[in-house]
J.: 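I'd like to ask some things about the structure below.
These numbers were taken from a predicted model, which means no experiment stands behind them.
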Amino acid sequence: MSALPDGNSDPASAPGLIWAATLDIYAGFLASDRPRIDAHLHPDATFWDTDEPELISGRAELDAVRDRRPAADGGRTVTALDGVDPVIDVWGDTALARHWVTVRFSSNDVPAQSVRVTTVWRLTDGRWLAVHNHEDVRATSR
């Protein structure tokens, strides 16, 4: 997702731009492309990650979490992130996005995970950037 054209901070266009950014984050994750992901994240963003017990605050902490993750984990390599059912509300330069993502793994022995995702976005210098993300794994598959 690139910067919004001048004067295009219209809330009517924001949901589509935010959803496109969300899907691009997932594509970046699958491609192991941190810069692609980071282009959509505010440098001071916070995260509740499904695999981390504590709040992640800012890019340095996020990078430390990323660096701790194993490259391949006995069939738990993520092979697909299927985002669906977005609900996005916009109030001026702030937006709240909620959706589901199904996480699929390389091994058929590892069941897919259904994850509820809530992200707060801010329009910053003409771009929608995620400032907070909260992930919650559903106990049973959706």
J.: How many angstroms lie between CG in Leu81 and OG1 in Thr102, if you round to the nearest 0.5 Å?
T.: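 That separation rounds to 9.5 Å.
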J.: Could you tell me whether the side chain of Pro15 reaches within less than 4.5 Å of the side chain of Val90, counting heavy atoms only?
T.: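 A side-chain contact under 4.5 Å exists here.
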J.: Is there a side-chain contact between Asn133 and Glu135, using heavy atoms and a 4.5 Å cut-off?
T.: yes
J.: Measuring from His99:NE2 to Leu23:CG, what's the distance to the nearest 0.5 Å?
T.: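 If I round to the nearest 0.5 Å, the distance is 7.5 Å.
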J.: Under a 4.5 Å cut-off applied to non-hydrogen side-chain atoms, are Val78 and Arg104 in contact?
T.: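 When only atoms from C-beta onward are counted, Arg104 and Val78 do not touch, as no gap falls below 4.5 Å.
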J.: Suppose we screen for side-chain contact (heavy atoms from CB on, under 4.5 Å). Which residues come up paired with Leu55, at least two apart in sequence or across chains?
T.: Thr46, Trp48, Ser57, His132
J.: Which atoms form the tightest heavy-atom contact between Ile18 and Ala97, and what is the distance?
T.: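 Looks like CG2-CB, 4.2 Å.
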J.: Starting at CZ of Phe105, measure out to OG1 of Thr79 and round the result to the nearest 0.5 Å.
T.: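 Result: 8.5 Å between the selected atoms.
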J.: With rounding to the nearest 0.5 angstrom, report the CH2 to CH2 distance, Trp19 to Trp128.
T.: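 That separation rounds to 16.0 Å.
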J.: On a heavy-atom basis, which atom in Pro111 and which in Asp109 lie closest, and how many Å separate them?
T.: CD-O, 3.5 Å
J.: Is Asp49 paired with Arg66 through a side-chain N to carboxylate O contact shorter than 4.0 Å?
T.: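 No, Arg66 and Asp49 are not salt-bridged.
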J.: Take Leu96 and Thr118, measure what side-chain contact (heavy atoms from CB on, under 4.5 Å) needs, and give me the verdict at the end.
T.: CA-CA 7 Å; Leu96 181 64; Thr118 302; 3.6 Å; yes
J.: Give, for atom OG1 of Thr119 and atom CG of Leu129, the distance between the pair rounded to the nearest 0.5 Å.
T.: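 CG of Leu129 is found 12.5 Å from OG1 of Thr119.
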J.: Carefully, step by step, assess Leu41 and Phe47 under the rule side-chain contact (heavy atoms from CB on, under 4.5 Å).
T.: CA-CA 11 Å; Leu41 307 178; Phe47 306 87; 4.0 Å; yes
J.: Yes or no on salt bridge (charged side-chain N to carboxylate O under 4.0 Å, His left out) for Arg69 and Asp51, after CA distance, side-chain angles and deciding distance?
T.: CA-CA 9 Å; Arg69 290 182 179 146; Asp51 293 326; 5.1 Å; no
J.: If every non-hydrogen atom of Arg127 is compared with every non-hydrogen atom of Ala39, which pair is closest and at what distance?
T.: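 Result for this residue pair: NH2-O, 3.0 Å.
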J.: In the structure I gave you, are the side-chain heavy atoms of Leu17 and Trp121 within less than 4.5 Å of one another anywhere?
T.: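 Not in contact.
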J.: Walk me through it: do Val117 and Arg98 pass the test side-chain contact (heavy atoms from CB on, under 4.5 Å)?
T.: CA-CA 6 Å; Val117 181; Arg98 291 85 75 199; over 6 Å; no
J.: May I have all residue pairs that pass salt bridge (Lys or Arg N to Asp or Glu O under 4.0 Å) and include part of residues 26-35, sequence neighbours excluded?
T.: Arg34-Asp63, Arg34-Asp67
J.: Partners of Val131 by side-chain contact (heavy atoms from CB on, under 4.5 Å), sequence neighbours excluded?
T.: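 Once residues adjacent in sequence are excluded, the partners of Val131 under the side-chain contact (heavy atoms from CB on, under 4.5 Å) criterion are His42, Val120, Arg122.
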J.: Please walk me through it: do Asp24 and Phe29 pass side-chain contact (heavy atoms from CB on, under 4.5 Å)?
T.: CA-CA 9 Å; Asp24 197 48; Phe29 180 87; over 6 Å; no
J.: With rounding to the nearest 0.5 Å, note down the distance linking CD in Glu52 to CG in Leu62.
T.: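 Taking CD in Glu52 and CG in Leu62, the distance rounds to 9.5 Å.
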J.: Which atoms form the tightest heavy-atom contact between Ala45 and Ala130, and what is the distance?
T.: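 For Ala45 and Ala130, the tightest heavy-atom pair comes out as CB-O, 3.5 Å.
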